[in-house]
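Single-structure report; data block below.
The structure presented is a predicted model; accordingly, all values stated were derived computationally and were not measured. Counting starts at 1 for both ligands and their atoms, following the listed order. Numbers for residues simply follow the sequence, beginning at 1.
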Amino acid sequence: MKISDEHDSIRAVEWQDNSLVLLDQRELPHKEIYQKYSSSLDVSQAIKDMVVRGAPAIGITAAYAFVMAVNEEFEVNSDRWQVNLRSKLSILLASRPTAVNLKWAVERLQKIIDDISGDPRDAVLNEAHAINKEDYSANIAMGNYGADYIGSKAGILTHCNTGSLATGGYGTALGVIRTLYNRGNLKSVFVSETRPWLQGSRLTMWELERDNIPATLIADSAAAVLMQSGNVDWVIIGADRIAINGDVANKIGSYSHAVNANFHDIKFMVVAPISTIDTMTLSGEEIEIEDRGSKELTNISSYPISTDQASTFNPVFDITPAKMISAIVTERGVIETPDEGKMRSFLERN
Ligand code: MRU
């Protein structure tokens, strides 16, 4: 993909000559390393290890891993290629549990192969490309809906990384911030560091610097005092899964930002494509929250920052209840003050 926009220059997932190239997000911001994968199981492992992360980017990567798995099995036995596919897909599905986009992408490709009798390889590749392209277009649409909804010049606080690194390009929450900037409506953007994996300080700061959008880094623990200062009009975040009642699973710390925002009368926006809404999940309580173990808390990279025996609690996502959310922005429009009735009628109408 050729990119010329100076405010949107990064692509984290690219299909090249039957291989998948991933920008290794474990190494940013100091090393820009692109890893090339030609086996579906290696891609599942890359998702698990967070070479690639962010719900939409995980979905797109999973779609290409599906393509690889189909190619692998078809080359071994073009008559019985579906037989061993299932075990590779189970490993892929288990690579990260919270981001629903992974399951969504696998189910979408499964439908393609269910309807095929001959060689499936072109059809699955075309579908994976379509998922990638649609995600980018959805982000542009969400950027416009979100910026229209905010309306005037605003100070923003964002959390985690929701930009081109986390999607097919442009970003969800960061897409709204990009659009506000392009329209001259971004007063300032504050980025919370996002402990423990530091998606804010390592990835969002890098992405915004690359794309020439000025930003200010804060410690997660500075969010309340920043909100008290009057410099934040909106908190804008992405989502890993949205339950049908409007509860939102997103990076750990999102709920703290919502509590602080509600206390300070600051608006709270969630930006996510329709593929992130899980109509089978009735509320946030049903969402599996990934626990990534103690190392992420006790170490920064390989450097120890706690005691050797520290016992830890490290859920990497949390649930923001629908009642704390001012608006959910999708590629088909905005759901204000979401609840189950509004979510269902929005999905029926759009
Ligand atoms: O653990 P991560 O880095 O995959 O978590 C990412 C997030 O929580 C993002 O906010 C979310 O996936 C939305 S990305 C557009």
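- The existence of a salt bridge linking Asp240 and Arg53 is excluded, since no basic side-chain nitrogen approaches an acidic carboxylate oxygen closer than 4.0 Å.
- The closest donor-acceptor contact from the side chain of Thr172 to the backbone of Asn139 lies at 3.5 Å or more, if one exists at all.
- Contacts classified as salt bridge (charged side-chain N to carboxylate O under 4.0 Å, His left out) and involving residues 73-95 (residues at least two apart or in different chains) are given here: Glu72-Lys88, Glu73-Lys88, Glu75-Arg121.
- For Tyr181, the ring pair (Phe, Tyr, Trp, His ring centres under 6.0 Å) partners two or more places apart in sequence, or in a different chain, are His7.
- At a heavy-atom cutoff of 4.0 Å, ligand 1 is surrounded by Met50, Arg53, Gly54, Ala55, Pro56, Arg96, Cys160, Asn161, Thr162, Ala166, Thr167, Thr172, Gln199, Ala239, Asp240, Asn250, Lys251, Phe317.
- Counting only N and O atoms by type, the side chains of Asn314 and Thr312 include no donor and acceptor under 3.5 Å apart.
- Annotation: side-chain hydrogen bond (donor to acceptor under 3.5 Å, both in side chains) contacts of Asp49 (sequence neighbours excluded): Gln45.
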